[in-house]
Novice: 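My structure is below; once you've seen it, I'll send some questions.
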Amino acid sequence: VLTPGTLVDTPFLKSTHASYCAALSLSERSYALLLVELLTGEVRVVLDARTDDRLIEAEVARYAPDEILVAESAREPLYDRLERQGYVVTRTPRRNTPAEAEWLAQWPEALKILVERSAVLQEAVSFLVAYLAHHQPAALAVCTGVQLASPESSLIMDRATQENLDLAACGDLLDATKTAMGARLLRKWLAAPLRDSVALRERHDAVEQAIGRPLLREELQKVLAEVGDLERVVGRIALKRAVADDYRTLAHALQQHATLTTTAAALFGMHIESDMALDALCADLTHSINHERGAERLIAPHYDAELDRLRALVDSGVAEIVALEEAEQRRTTIPSLKIRYHQTYGYAIEVPKSQAILVPDRYHKLQELANRWRFTTDELRSLEYAMNGAHDAAREREKMIFEQIAERVYTARTSLRRYAATCARYDTLQSLAHSAHRLGYVRPVFHDSADIIITEGRHPLVSAQLRNSFVPNDTSLT
């Protein structure tokens, strides 16, 4: 059953927006919001003693989950308001399942203790585990990147503030990303402005370095454009929902690994370790996968000798069919005779009805149509039998090889997710640097006092719209 919070296939998802399935549980003293992003394996735990509905709405708006699971019997006014605001609120019964203990066993020890001590968090975990176990069971094995998200770690903005700031339009203005995963991360950053001055300075240092190196920034943009939406490709691989083109995309993204690592290190002025395991996986996929998108054959030629032999038998059979058609045209003196493949009869000789009198006795009739007849011969049957045997054997061999490759990729999913997250971060940082340079932004200076002093400040959206006619304003809050 498809539900908004458990979709993982590209046609059903917004490429530039994260897709969360959330569980929300309330009590008189606290609330718990548990969010899972299936295609990244990210699990965020929000637990707060405050129960002000406006703060809960602000936290929900920060993540904008595709689906919110709540207690089946709950009749909280907050849930009704969330539905009116456009969220999909699914009321679900609480079920304790064996999967719950198995999933919690993968959590960090400190968070396990937190679950034991919090009834609302226990309830949220039960909602989410039971729901995923029913709709997307593979997710519980791979969604293990659990983090405690403290509301105080980022600026709290209620829903009205977020709408007044028009963060969606700000995201569009600043978006110079080259990948969909970079675009999603940019919007996550905008929805949760950091309050940690150390983390802010590190981010600003990277952006400042990139602003001063436009040629390197352009080179990184070209490499990132070749990576694609690696984050969601790896997510589908982890969930074992990937298709052949996902592995082709992965192979192409891994081919950029070395260049991306060295270029990013030079651009952002930081030492970045290369992952040798990814280079080995890249070589494996490059040689094993047929990189022609939509191709029927998944495995590349010359990768497996036995598969090549079986394919040669199939291909030679096709050539023999063509040769047999030409021979039958000569033998029967019927130039319009054709040998075609049909879903019901397999290969058959087609002869116009007007020339059926020329058909020899060795032809076995299969079907009479309005203007043509279909036949077969012992020779054609024998050839088709040999071709079908080779084709079936080749298909089974290819399936076995592909499953082995898929298993090797699945084993490397943790490294692949780390690589995808790194690519997204590089893309977001270069996007901020590109937009800051284009729009003439300057780096803010932080200090320990409460004063806010802005010289010639510009509203990003209004300034971009009015361009040269916009008048900057000074602000001094002391």
Novice: Quick one: does Glu59's side chain get under 4.5 Å of Val46's, heavy atoms only?
Specialist: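 A side-chain contact under 4.5 Å exists here.
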Novice: Just list the side-chain donor-acceptor pairs under 3.5 Å for residues 381-393, sequence neighbours left out, or say none.
Specialist:
residue	atom	partner	partner atom	Å
Glu384	OE2	Tyr347	N	3.0
Asn388	ND2	Glu384	O	3.4
Asp392	OD1	Arg395	NH2	3.1

Novice: Show the numbers, then the answer: is there a salt bridge (Lys or Arg N to Asp or Glu O under 4.0 Å) between Asp315 and Arg297?
Specialist: CA-CA 13 Å; Asp315 293 341; Arg297 292 178 173 178; 3.0 Å; yes
Novice: Less than 4.0 Å between a side-chain N and a carboxylate O, is that true for Arg397 and Asp308?
Specialist: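 Looking at Asp308 and Arg397, the cut-off is not met.
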Novice: How long is the gap from CD on Glu202 to CG on Leu429, to the nearest 0.5 Å?
Specialist: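 The CG atom of Leu429 is 11.0 Å from CD of Glu202, to the nearest 0.5 Å.
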Novice: Tell me, do Leu185 and Thr177 make a side-chain contact under 4.5 Å, heavy atoms counted?
Specialist: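 Leu185 does not reach Thr177 side chain to side chain.
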Novice: Arg91 vs Asp80, test: salt bridge (Lys or Arg N to Asp or Glu O under 4.0 Å). Steps then yes/no.
Specialist: CA-CA 11 Å; Arg91 288 168 168 79; Asp80 295 331; 3.6 Å; yes
Novice: Under a plain distance cut-off of 3.5 Å, with no hydrogens placed, do Glu42 and Gln147 share a side-chain donor-acceptor pair?
Specialist: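 Note: Gln147 and Glu42 side chains miss the donor-acceptor criterion.
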Novice: Report yes if some heavy atom in the side chain of Arg248 is under 4.5 Å from a heavy atom in the side chain of Ile289; otherwise report no.
Specialist: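 They are in side-chain contact.
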Novice: Is there a donor-acceptor contact under 3.5 Å linking the side chains of Glu67 and Tyr131?
Specialist: yes
Novice: Side chains of Trp373 and Val359, heavy atoms from C-beta outward: is any pair under 4.5 Å?
Specialist: no
Novice: Atom CD of Glu57 and atom CD of Gln162: how far apart are they, to the nearest 0.5 Å?
Specialist: 11.0 Å
Novice: Determine whether Arg187 and Leu167 make a side-chain contact, defined as any pair of heavy atoms from C-beta on separated by less than 4.5 Å.
Specialist: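 Not touching, per the 4.5 Å side-chain cut-off.
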Novice: Answer yes or no: is there a donor N or O on one side and an acceptor on the other, between the side chain of Ser463 and the main chain of Pro460, under 3.5 Å?
Specialist: no
Novice: Determine, stepwise, if the pair Tyr441 / Leu174 fulfils side-chain contact (heavy atoms from CB on, under 4.5 Å).
Specialist: CA-CA 11 Å; Tyr441 294 167; Leu174 299 176; 3.9 Å; yes
Novice: So, do Thr16 and Leu186 sit near enough that their side-chain heavy atoms are less than 4.5 Å apart?
Specialist: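 Not touching, per the 4.5 Å side-chain cut-off.
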Novice: Which heavy atom in Arg413 sits nearest to a heavy atom in Ala238, and how many Å separate them?
Specialist: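 Scanning both residues completely, I find the closest heavy atoms to be CD-CB, 4.1 Å.
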Novice: Please answer whether the main-chain N or O of Ala105 pairs with a side-chain N or O of Lys112 as donor and acceptor at a distance below 3.5 Å.
Specialist: yes
Novice: Start with the C-alpha distance between Glu396 and Lys399, add both sets of side-chain angles, then the distance that settles salt bridge (Lys or Arg N to Asp or Glu O under 4.0 Å), and finish with yes or no.
Specialist: CA-CA 5 Å; Glu396 287 301 313; Lys399 179 183 176 185; 5.1 Å; no
Novice: Of the options Leu432, Thr179, Leu220, which is the one that meets Asp427 in a side-chain contact (heavy atoms from CB on, under 4.5 Å)?
Specialist: Thr179
Novice: Does either side chain, that of Thr40 or that of Glu37, offer a donor lying less than 3.5 Å from an acceptor on the other one?
Specialist: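 The answer is yes; a qualifying pair exists.
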Novice: Compare all side-chain heavy atoms of Ile405 with those of Ile299 and state whether any distance is below 4.5 angstrom.
Specialist: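 Yes, side chains in contact.
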Novice: Say whether Glu226 and Gln255, considering side chains only, have a donor N or O and an acceptor N or O under 3.5 Å apart.
Specialist: no
Novice: Checking Ser15 against Arg184: is there a side-chain donor and acceptor pair closer than 3.5 Å?
Specialist: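 On atom types as modelled, these side chains do not qualify, holding no pair under 3.5 Å.
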Novice: Checking Arg213 against Gln209: is there a side-chain donor and acceptor pair closer than 3.5 Å?
Specialist: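 Indeed, the side chains of Gln209 and Arg213 share at least one donor-acceptor pair under 3.5 Å.
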Novice: Do Trp103 and Leu132 touch side chain to side chain, with heavy atoms closer than 4.5 Å?
Specialist: no
Novice: Indicate yes or no: does Arg362 engage Glu328 in a salt bridge with an N to O separation below 4.0 Å.
Specialist: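 Here Arg362 pairs with Glu328 in a salt bridge, since their nearest N and O are under 4.0 Å apart.
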Novice: Does the side-chain contact (heavy atoms from CB on, under 4.5 Å) test come out yes or no for Leu380 and Leu324, once each step is laid out?
Specialist: CA-CA 8 Å; Leu380 179 57; Leu324 179 61; 3.9 Å; yes
Novice: Can you list, pair by pair, the side-chain donor-acceptor contacts under 3.5 Å of residues 134-146, counting residues two or more places apart and other chains?
Specialist:
residue	atom	partner	partner atom	Å
Gln136	OE1	Arg241	NH1	3.3
Gln136	NE2	Thr6	O	3.0

Novice: Tell me whether Glu398 contacts the main-chain N or O of Leu298 through its side chain, where contact means a donor paired with an acceptor under 3.5 Å.
Specialist: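 The answer is yes, because a donor-acceptor pair under 3.5 Å joins these two groups.
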Novice: How long is the straight-line distance from CD of Gln256 back to OG1 of Thr263, given to the nearest 0.5 Å?
Specialist: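 Answer for the OG1-CD pair, Thr263 versus Gln256, is 10.0 Å.
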Novice: Looking only at heavy atoms, what is the nearest atom pair of Ala206 and Phe268, with distance?
Specialist: O-CD2, 3.5 Å
Novice: What distance separates Arg374 CZ from Thr344 OG1, expressed to the nearest 0.5 Å?
Specialist: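 One finds 8.0 Å between CZ of Arg374 and OG1 of Thr344.
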Novice: Look only at the side chain of Ser19 and the backbone of Val8, and say whether a donor-acceptor pair between them is shorter than 3.5 Å.
Specialist: no
Novice: How many angstroms lie between CG in Leu250 and CG in Leu281, if you round to the nearest 0.5 Å?
Specialist: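 With rounding to 0.5 Å, CG (Leu250) is 6.0 Å from CG (Leu281).
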Novice: Does CD in Gln465 sit with more than 12 non-hydrogen atoms of other residues, nucleotides or ligands closer than 6.0 Å?
Specialist: no
Novice: Report the C-alpha distance between Ile401 and Tyr303 in whole Å, list the side-chain angles of each, state the deciding distance to 0.1 Å, and finish with yes or no for side-chain contact (heavy atoms from CB on, under 4.5 Å).
Specialist: CA-CA 10 Å; Ile401 295 170; Tyr303 178 73; 3.7 Å; yes
Novice: Which residues pass the side chain to side chain contact (heavy atoms under 4.5 Å, CB included) test with Ala433, sequence neighbours left out?
Specialist: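 Ala433: side chain to side chain contact (heavy atoms under 4.5 Å, CB included) contacts with Val207, Ala210, Ile211, Arg217.
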Novice: Checking the side chain of Asn290 only, and the main-chain atoms of Glu292 only, is there a donor and an acceptor separated by less than 3.5 Å?
Specialist: yes
Novice: Decide if atom CD1 of Ile357 counts as having more than 12 heavy atoms of other residues, nucleotides or ligands within a radius under 6.0 Å.
Specialist: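 At most 12 heavy atoms, drawn from other residues, nucleotides or ligands, come within 6.0 Å of this atom.
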Novice: Would you say the side-chain atoms of Asp304 pair up with the backbone N or O of Leu307, donor to acceptor, closer than 3.5 Å?
Specialist: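 Between the backbone of Leu307 and the side chain of Asp304 there is a qualifying donor-acceptor contact (under 3.5 Å).
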Novice: Examine the side chains of His257 and Asp279 and answer whether a donor and an acceptor come within less than 3.5 Å of each other.
Specialist: yes
Novice: Say whether, by atom type as modelled, one donor and one acceptor occur between the side chain of Thr428 and the main chain of Gly182 under 3.5 angstrom.
Specialist: yes
Novice: Kindly say whether Arg293 contributes a backbone atom to a donor-acceptor pair with the side chain of Asp245 at under 3.5 angstrom?
Specialist: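 Pair absent, no side-chain N/O of Asp245 close to backbone of Arg293.
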Novice: Can you tell me how far CG of Leu128 sits from CG of Leu24, rounded to the nearest 0.5 angstrom?
Specialist: 12.0 Å
Novice: Can a cation-pi geometry be assigned to Arg203 and Trp189, taking NZ or CZ under 6.0 Å from the six-membered ring centre and within 45° of the ring axis?
Specialist: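 Verdict for Trp189: a cation-pi partner in Arg203.
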Novice: For His342 and Glu350: C-alpha separation, side-chain torsions, deciding distance, then whether side-chain contact (heavy atoms from CB on, under 4.5 Å) applies.
Specialist: CA-CA 11 Å; His342 303 276; Glu350 290 192 356; 2.8 Å; yes
Novice: Just by modelled atom types, is the Ala258 backbone N or O under 3.5 Å from a matching donor or acceptor in the Thr262 side chain?
Specialist: yes
Novice: Quick check: are there more than 12 heavy atoms from other residues, nucleotides or ligands sitting under 6.0 Å from CD of Glu368?
Specialist: yes
Novice: Without hydrogens or angle criteria, can the side chains of Thr10 and Arg236 be said to hold a donor-acceptor pair below 3.5 Å?
Specialist: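 Yes, a side-chain donor-acceptor pair sits under 3.5 Å.
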Novice: Pairing donors with acceptors under 3.5 angstrom, does anything connect the side chains of His17 and Asp66?
Specialist: no
Novice: Would Arg418 and Glu231 satisfy salt bridge (Lys or Arg N to Asp or Glu O under 4.0 Å), going step by step from the backbone distance to the final call?
Specialist: CA-CA 9 Å; Arg418 189 161 51 243; Glu231 188 176 65; over 6 Å; no
Novice: Tell me if a side-chain donor or acceptor on Asp175 pairs with a main-chain N or O of Ala183 at a distance below 3.5 Å.
Specialist: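 The answer is no, because no donor-acceptor pair under 3.5 Å joins these two groups.
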